[in-house]
Amino acid sequence: MKKNILTFLLITVSMCAFGQKGSWWAGGAFSYLRTTEDENGLSYKNDAVTVIPYVEYFFQDTWSVYGGANFGYAKSRYTDIDSNPATRTVRHNDLGPYFGIGKYFPMTKHITFFLSLHAEGAWGTLKGNDYSYSTSRYAIGIYPGFQILLNDKVSLYMEFSELSYEATSSKNKNNSNDKTTGSRFTTDFFNNGVNLGLQFRIK
């Protein structure tokens, strides 16, 4: 199998916490990913967009709880000169809530390491040229990262991919007997990229 990633663009603008008891934070994240792949005469092109708004509350100086919504949209196109039509398109969108608890570990006056325990669920639709599935996804994971404080209200933010367990299922909307389920446990913090952004205190 030969795989080439031509473009990888990940933009995250996060507004979350750098800790004081009783403080509130709000914001969100946006990411865009494009990949291409060539395998056994097939050509794939994939685009994915994620939008994640949320709010966060510090009940202690180094402990917080947060919650929000997760919207994802993905479009995949693959070309096979031996098929008809030669190019097929698959679209997947889902939406659901997420929540978690975060623990912050100050390392220096301006640098903090954090760990977040995060749970989420999402429900959506997967559509191809001649089929349509309803989908669901549930996940729980740990997100490590670092914050660099620029001033009292602004910091830089870096978060690694999660150590997580994820369960998924899909069901054909036109055939109730056509169902699939799956699960996976991910332990590679670097394969799925790093979220980078800014954080702003609002209260």
Side-chain angles (χ1 to χ4, degrees), residues 1-14 27-55 66-100 118-141 143 159 161-188 190-197:
M1 181 181 74
K2 180 180 179 182
K3 182 175 182 179
N4 298 308
I5 299 179
L6 296 183
T7 306
F8 180 87
L9 175 63
L10 181 58
I11 303 173
T12 303
V13 178
S14 301
F30 169 81
S31 67
Y32 171 69
L33 174 67
R34 168 170 286 186
T35 61
T36 62
E37 182 175 345
D38 295 314
E39 180 182 5
N40 299 327
L42 298 178
S43 177
Y44 297 87
K45 183 178 180 181
N46 307 295
D47 294 282
V49 176
T50 303
V51 179
I52 309 173
Y54 65 90
V55 295
Y66 59 88
N70 189 337
F71 170 75
Y73 174 80
K75 182 179 180 181
S76 300
R77 294 171 295 279
Y78 63 95
T79 301
D80 181 0
I81 60 175
D82 295 327
S83 67
N84 184 22
T87 299
R88 292 178 174 269
T89 301
V90 178
R91 294 178 174 85
H92 183 215
N93 61 81
D94 61 10
L95 175 66
Y98 72 92
F99 57 92
H118 178 104
E120 65 180 77
W123 300 266
T125 301
L126 176 69
K127 290 184 178 181
N129 290 55
D130 50 10
Y131 61 85
S132 179
Y133 286 82
S134 59
T135 64
S136 63
R137 175 174 56 86
Y138 307 93
I140 184 168
Y143 291 73
E159 182 183 71
S161 301
E162 73 278 8
L163 169 70
S164 70
Y165 174 80
E166 181 181 63
T168 60
S169 66
S170 62
K171 180 179 179 181
N172 193 321
K173 292 185 176 182
N174 299 317
N175 181 1
S176 60
N177 294 321
D178 184 3
K179 302 177 183 179
T180 59
T181 60
S183 63
R184 64 174 183 168
F185 185 70
T186 303
T187 58
D188 190 338
F190 301 101
N191 254 355
N192 297 321
V194 176
N195 292 344
L196 300 174

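Throughout, residue positions are numbered sequentially from 1 according to the sequence presented. In this text, all values refer to a predicted model and were calculated from it rather than measured experimentally.
Partner S170 forms a side-chain hydrogen bond (donor to acceptor under 3.5 Å, both in side chains) with one of T125, T180, T181 and no other, that one being T180.
In terms of the side-chain hydrogen bond (donor to acceptor under 3.5 Å, both in side chains) criterion, residue partners of Y138 (sequence neighbours excluded) are, by chain and number, W123. A search for side-chain hydrogen bond (donor to acceptor under 3.5 Å, both in side chains) contacts involving Y133 returns D178, not counting sequence neighbours. Legend: residues meeting side-chain contact (heavy atoms from CB on, under 4.5 Å) with K75, ordered by chain and number and at least two apart, are Y73, R77, T89, R91. With sequence neighbours excluded, the residues forming a side-chain hydrogen bond (donor to acceptor under 3.5 Å, both in side chains) with S169 are S136, listed by chain and number. Partners of H118 by side-chain hydrogen bond (donor to acceptor under 3.5 Å, both in side chains), not counting sequence neighbours, listed by chain and number: Y66, E120.
The line from CG of D94 to CG of N70 is 7.0 Å long, rounded to the nearest 0.5 Å. With rounding to the nearest 0.5 angstrom, the OG atom of S76 is 11.5 Å from the NZ atom of K45. Expressed to the nearest 0.5 Å, how far NZ of K173 lies from CG of L126 amounts to 9.5 Å.
For OH of Y131, the number of neighbouring non-hydrogen atoms (other residues, nucleotides, ligands) closer than 6.0 Å is greater than 12. In this structure, K179 places its NZ atom where only 12 or fewer heavy-atom neighbours from other residues, nucleotides or ligands lie under 6.0 Å away.
Residues T135 and T168 are not in side-chain contact: their nearest non-hydrogen atoms beyond the backbone lie 4.5 Å or more apart.
Of all non-hydrogen atoms in N172 and S132, the two that sit nearest each other are OD1-O, 3.6 Å.
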